S.K.: 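I'd like to ask you about the structure that follows.
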Amino acid sequence: YNTVMLDIRFIRENADLVAEKSKQKGYEVDIQKLLELDNNRRELLTEIEQVRADRNRLSTIVVGEQPSSHKIEEGKKLKSELANLEDQLTSVNDEFLKLLKAVPNMPSDDVPVGISEAENKVTKEQGDKPNFDFKPKTHWEIAEGRGLIDKVRAAKVAGSRFAYIKGDLVKLQFALVQFVFDTLTSEETLKGIIDKTGLQNISPKPFTPVLPPLMIRTEVFDAMDRLEPREERYKVGSEEDNLWLQGSAEHTLGPMYMGEIIDIDELPIRLIGYASSFRREAGTYGKDTEGIIRMHQFDKLEMESFVNSEGGMLEHLFFVAIQEYIMQQLKIPYRVLQKCTADIGKPNARGIDLEAWLPGAGNYLETHTADFMTDYQARRLGIRNKVLNTGGQEHDTKSFPTNFVHTNDATALAPGRAIVAIIENYQKPDGSVEIPEILRTYMHGQTSL
RNA sequence: GGAGGAGUGGCCGAGCGGUUGAAGGCGCUGCUCUCGAAAAGCAGUAUAUGGGAAACCGUAUCGCGAGUUCGAAUCUCGCCUCCUCCGCCA
């Protein structure tokens, strides 16, 4: 796997490839225009730096000596010349950056080319679908009937796509959360997953649990390249507040280290965040309206990691392995999808979805997604790591080259959708629901709800 | 919400208009000395970016962004962050 360095130098040298791959992802980018602006920008920069050098030379005087009026006149001339050039640069640069930021990350070579999610490829099916000797119900038929979910009153209070989750389902959610935290903070468990999957050379370093802020500044949201589409986001407070509700813990975990240079021995940094997430679900009217599948507010356990640029792909595969492990522990049948170019998202190089089988609904439901961003987000956020020298040692503390880190994020578990899958797969003829064995200790031995 | 104080290199800390990318110290690296180590001495020790095959040269960066000035780490304004006191509050 080759690291895709999507900086302007890469684009300069691979203009056709970048245009082609952008198109595959559904983004039309005028690369020719971008390169023109780049040239323009660099010419101006050279000129400006020349004038600045002149200015610096001129304003370097012997201490105590006053500059001559001739020098001051000369300085004034340079000043206005510089102001003029800088104005030009600002406008060229703005346009340049706008176009540069519009270029999506390059898909990894194994991402199938496709124009819609219909072209995602199923790469694996795992787990036995349950056989019922009765007609299985949907999660909604079961939960509503038993008073575990109340959407009517929620609609009264907050509108559609909100719900009151009640009773045993609340306990079940916290059991799920505990189970996931225990899994991801155990080095031993992670080692087991690594061994079983056969991944080589990957650290079993445990995840650090995090409760992140649920709001995020406009600039940071944009730097993550997750602000768009804005109509999907909730803006909060007054204009000056400049804050949005996050749509995933990724949005506030990813920029945690922005602007920082990270020591080699601190990597990988692995975080497992728990947060309520908010989405407007614009344009989904009439879709997934039954039950709690698509809500404006839902809770999610999200994995996020920062690794050096050699380990990004491996970390991505590890994240998927963790997701599969969790589904297997819960004994929920699922399939794995490799997302196609149209579906992986602008900052992504690769994306995987896990979908749980819902016997009541008779279809699959996306429960997990894993995103690999290479250094794309890190470049926008300014997250670097020190680079090892040829001897494998870190360079001395004051002098070191740096690289952009690779970022990965992935759902560890979305309790809402996991609950849907559990209800449908573990239902009994009398409408009760068995509790997955792995969760029982977290529910004081309770075996059904 | 009210009143104050502070943000300088990996860390501590000087500088408050003119060769200051930034004194001094700590740390780190190399060398000298030593059988070795410590100590001491000497030297080196930020990042980004443009140009260059390279050596190297230019430019930017003292929380961030604007402004004043021939010249800004230093002056002015806005923003961010942190600290102290008062008020309010889960």
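Below, chains carry the letters A, B, ... as their sequence lines are ordered, and counting in each starts from 1. Because the structure is predicted, anything quoted here is derived from the model rather than measured.
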S.K.: Rounded to whole angstrom, note down the C1' distance from B:G50 over to B:C77.
M.R.: 32 Å

S.K.: Among A:D222, A:D94, A:D225, find the residue that satisfies the salt bridge (Lys or Arg N to Asp or Glu O under 4.0 Å) test when tested with A:K101.
M.R.: A:D222

S.K.: Quick one: A:L58 CG to B:U19 C1', roughly how many Å, whole number?
M.R.: 13 Å

S.K.: With respect to the side chain of A:R55, which nucleotide from B:A60, B:G50, B:C70 is positioned closest?
M.R.: B:A60

S.K.: Flag the pair A:D109 and A:K21 as a salt bridge only when some basic side-chain nitrogen lies within less than 4.0 angstrom of an acidic carboxylate oxygen.
M.R.: yes

S.K.: Looking at A:E434 and A:R440, is there a salt bridge between them, counting it only when a charged N and a carboxylate O are closer than 4.0 Å?
M.R.: yes

S.K.: If pairing requires Watson-Crick or G-U wobble contacts with both distances under 3.5 Å, which nucleotide is the partner of B:U47?
M.R.: B:A60

S.K.: Whether A:E144 and A:K151 form a salt bridge (side-chain N of Lys/Arg under 4.0 Å from carboxylate O of Asp/Glu) is what I want to check.
M.R.: no

S.K.: Between B:U49 atom P and A:I8 atom CD1, what is the distance in whole Å?
M.R.: 13 Å

S.K.: With a 3.5 Å limit on both atom pairs, tell me what B:A22 is paired to, counting Watson-Crick and G-U wobble, or say none.
M.R.: none

S.K.: How far does the C1' atom of B:G13 sit from the matching atom of B:G7, given to the nearest Å?
M.R.: 14 Å

S.K.: Please give the nucleotide sitting opposite B:C77 as a Watson-Crick or G-U wobble pair, both distances under 3.5 Å, or none.
M.R.: B:G65

S.K.: Which nucleotide, in any strand shown, forms a Watson-Crick or G-U wobble pair with B:G1, with both distances under 3.5 Å?
M.R.: B:C86

S.K.: From B:U49, B:U59, B:G71, pick the nucleotide closest to the side chain of A:K79?
M.R.: B:G71

S.K.: Please give, in whole Å, the distance from B:A60 P to A:D54 CG?
M.R.: 12 Å

S.K.: Using Watson-Crick or G-U wobble geometry with both distances under 3.5 Å, which nucleotide pairs with B:C42?
M.R.: B:G30

S.K.: Donor-acceptor pairs are to be reported for all side-chain atoms of residues 441-449 of chain A against protein atoms at under 3.5 Å, with residues two or more places apart or in another chain.
M.R.:
unit_1	atom_1	unit_2	atom_2	d
A:Y442	OH	A:D182	OD2	2.6
A:Q446	NE2	A:D168	OD2	3.1
A:Q446	NE2	A:S448	O	3.1

S.K.: Calculate the interatomic distance between A:N93 atom CG and B:A60 atom P; express it in whole Å.
M.R.: 16 Å

S.K.: Pull out every residue in residues 34-51 of chain A that has a heavy atom closer than 4.0 Å to any atom of RNA chain B, ordered by number, or say none.
M.R.: A:R42, A:T46, A:E49

S.K.: Does A:R57 have a side-chain nitrogen or oxygen under 4.0 Å from the phosphate oxygens OP1 or OP2 of B:U19?
M.R.: no

S.K.: Using atom C1' in both nucleotides, what's the gap between B:C62 and B:C56 to the nearest angstrom?
M.R.: 26 Å

S.K.: Regarding A:Q377 and A:E250, is there a side-chain donor-to-acceptor distance under 3.5 Å anywhere?
M.R.: yes

S.K.: Output the single nucleotide from B:U59, B:G50, B:C70 whose closest atom is nearest the side chain of A:A53.
M.R.: B:U59

S.K.: Provide the Watson-Crick or G-U wobble partner of B:A72, both distances under 3.5 Å; none if there is no partner.
M.R.: none

S.K.: Measuring only the P atom in each nucleotide, how far is B:U76 from B:G5? A whole number of Å is fine.
M.R.: 13 Å

S.K.: Under 4.0 Å between a Lys/Arg side-chain N and an Asp/Glu carboxylate O for A:R52 and A:E86?
M.R.: yes

S.K.: What is the distance from CG of A:N56 to P of B:U61, rounded to the nearest Å?
M.R.: 9 Å

S.K.: Taking CZ from A:R379 and C1' from B:A48, how many angstroms apart are they, rounded to a whole number?
M.R.: 13 Å

S.K.: Nearest to the side chain of A:R52 - B:U49, B:A60, B:G58?
M.R.: B:A60

S.K.: Please determine, for B:A37, whether a Watson-Crick or G-U wobble partner exists with both distances under 3.5 Å, and give it or none.
M.R.: none

S.K.: If we take the P atom in both B:G52 and B:U47, what is their distance in whole Å?
M.R.: 22 Å

S.K.: Got a salt bridge between A:E281 and A:R161, using NZ or NE/NH1/NH2 to carboxylate O under 4.0 Å?
M.R.: no

S.K.: Quick one: A:E219 CD to B:G63 P, roughly how many Å, whole number?
M.R.: 20 Å

